[in-house]
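Below is one structure, written out as structure tokens, with a few remarks after it.
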Amino acid sequence: MKATWDIFCSVVDNYGDIGVTWRLARQLVAEHGQAVRLWVDDLRAFARLCPDADPRADRQWQRGVEVRAWHPDWRPVEPAEVVIEAFACQLPEAYVQALVGRQGRLWLNLEYLSAEDWVTGCHGLPSPQPDGLAKYFFFPGFDAATGGLPRERGLLERRDAFRADRQAQQAFLLALGVQRRPEALLISLFSYENPGLGSWLDALATSAETTQLLVPEGRILGDLEAWLGIAGLRAGDCQRRGALSIHVLPFVEQDDYDRLLWCCDFNLVRGEDSFLRGQWAGRPLLWHIYQQEEGAHWAKLEAFLDLYLADIEPAAAIALRGLWRAWNAGEALAEPWLAVRANWSELCAHAERWARELAGQEDLAAKLVQFCATRL
């Protein structure tokens with residue numbers, strides 16, 4: 001099935017929402033031959049992920065995707081055959097009215113990713129709207145009965161080829177200003193602000209093993225500056241404290257972020273897009289979930305851990321769960337980190353198994369195309 005698509009993205013959490021929708025739009029074009037318009041209300045955030053983009057352009061083409069500025073003063077357009085409101089953003093009222101009475105239109109609400117049990121029962125359900133319109137809930141997920149996960153064709157094969165090429169890894173890191181030390185543990189850190197960071201940095205700095213911490217520019221830099229006792233950290237800076245070297249990296253586009261994750265032994269990720277890319281990297285990871293009011297995010301975090309740790313040695317499961325809980329509670333990390341390091345080989349093997357098992361399922365873009373083909 002070939003169709004026209006409108007994907008609407010309201011940038012709420014810096015780069016998570018636009019990260020997922022930009023990957024999806026590119027994949028629908030490149031792998032499924034769809035005609036996609038991506039509507040974005042913050043093109044500055046988009047331009048960080050796509051450096052070739054013009055953040056001031058009302059209309060531009062990037063990687064085969066028509067990228068449009070979503071202005072508050074909406075200008076009427078012909079609706080696409082498939083309409084996706086990403087993560088419950090509100091479509092312009094005039095756009096919704098333009099859908100009324102038109103045949104061959106499908107309206108989907110692409111929801112946030114969750115491993116909670118109720119997701120499979122809600123995936124694909126219709127939500128009747130006024131004026132006879134029907135909207136469907138489309139839930140990404142880890143179960144085959146859900147909408148799948150974003151994953152491009154050949155992703156793990158490209159990852160494995162990059163990992164097998166030490167020269168390619170070295171050249172990539174050098175381009176970011178990092179000379180990898182052969183004996184060092186290499187860790188990436190992409191996180192929200194966290195009061196527990198200092199305790200973990202203390203543990204790394206006083207450890208018997210050498211660690212290189214790679215930190216793309218972002219919200220965590222303020223906490224790093226507080227721990228270092230300096231101000232004004234920026235890309236290219238390197239600070240050393242004991243056994244720990246901290247490298248501040250420029251914010252990189254998505255394909256390079258994948259390569260960064262593939263280079264590292266351990267990845268701290270946040271939100272949704274980097275959370276998934278950390279899983280595809282097949283390395284042990286630590287997720288900083290986006291905090292919700294009244295602690296609603298904890299059920300989501302625990303649901304994923306229950307699923308992720310179901311087939312792992314008990315000691316390793318306890319260690320990783322303890323680290324995730326401490327990090328997301330902003331608590332001290334020294335002891336949980338030592339427990340994880342004591343179970344390192346099991347956690348590494350499990351991370352790789354997990355990625356390959358998930359890759360055996362159909363991906364989000366393919367499932368979206370199939371879902372739409374049966375309803376248009």
Between [X] and [Y], is there a donor-acceptor pair closer than 3.5 Å when you use the side chain of the first and the backbone of the second?
X    : Y    : answer
D363 : A366 : yes
R63  : W22  : no
Q129 : K135 : no
Q34  : M1   : yes
E225 : L233 : yes

Centre of [Y]'s six-membered ring, under 6.0 Å away, within 45 degrees of the axis: is that where NZ or CZ of [X] sits?
X    : Y    : answer
R277 : Y257 : no
R270 : F190 : yes
R341 : W344 : yes

Heavy atoms of other groups near [X] [atom1], more than 12 under 6.0 Å:
X    : atom1 : result
E183 : CD    : yes
D306 : CG    : yes
R356 : CZ    : yes
R240 : CZ    : no

Is the distance between the ring centroids of [X] and [Y] under 6.0 Å?
X    : Y    : answer
H350 : Y308 : yes
W107 : Y95  : no
F137 : H123 : no

Any side-chain heavy-atom pair from L261 and R283 closer than 4.5 angstrom?
-> no
Side-chain contact test, heavy atoms from C-beta onward, threshold under 4.5 Å: evaluate it for E116 versus K300 and give yes or no.
-> yes
Apply the test salt bridge (Lys or Arg N to Asp or Glu O under 4.0 Å) to residues E302 and R321: give CA-CA distance (whole Å), side-chain angles for both, the deciding distance (0.1 Å), then the verdict.
-> CA-CA 9 Å; E302 295 292 343; R321 190 184 293 270; 2.7 Å; yes
S199 OG to W227 CH2 distance, which is reported to the nearest 0.5 Å = 11.0 Å
Go through Q254 and R26 one step at a time and tell me if the side-chain hydrogen bond (donor to acceptor under 3.5 Å, both in side chains) criterion holds.
-> CA-CA 12 Å; Q254 288 180 321; R26 284 190 293 159; 2.7 Å; yes
Option passing salt bridge (Lys or Arg N to Asp or Glu O under 4.0 Å) with D6 (candidates R105, R37, R68) | R37
Would you please classify the geometry between the F304 ring and the W324 ring as parallel, tilted or perpendicular, with 30° and 60° separating the classes?
-> parallel
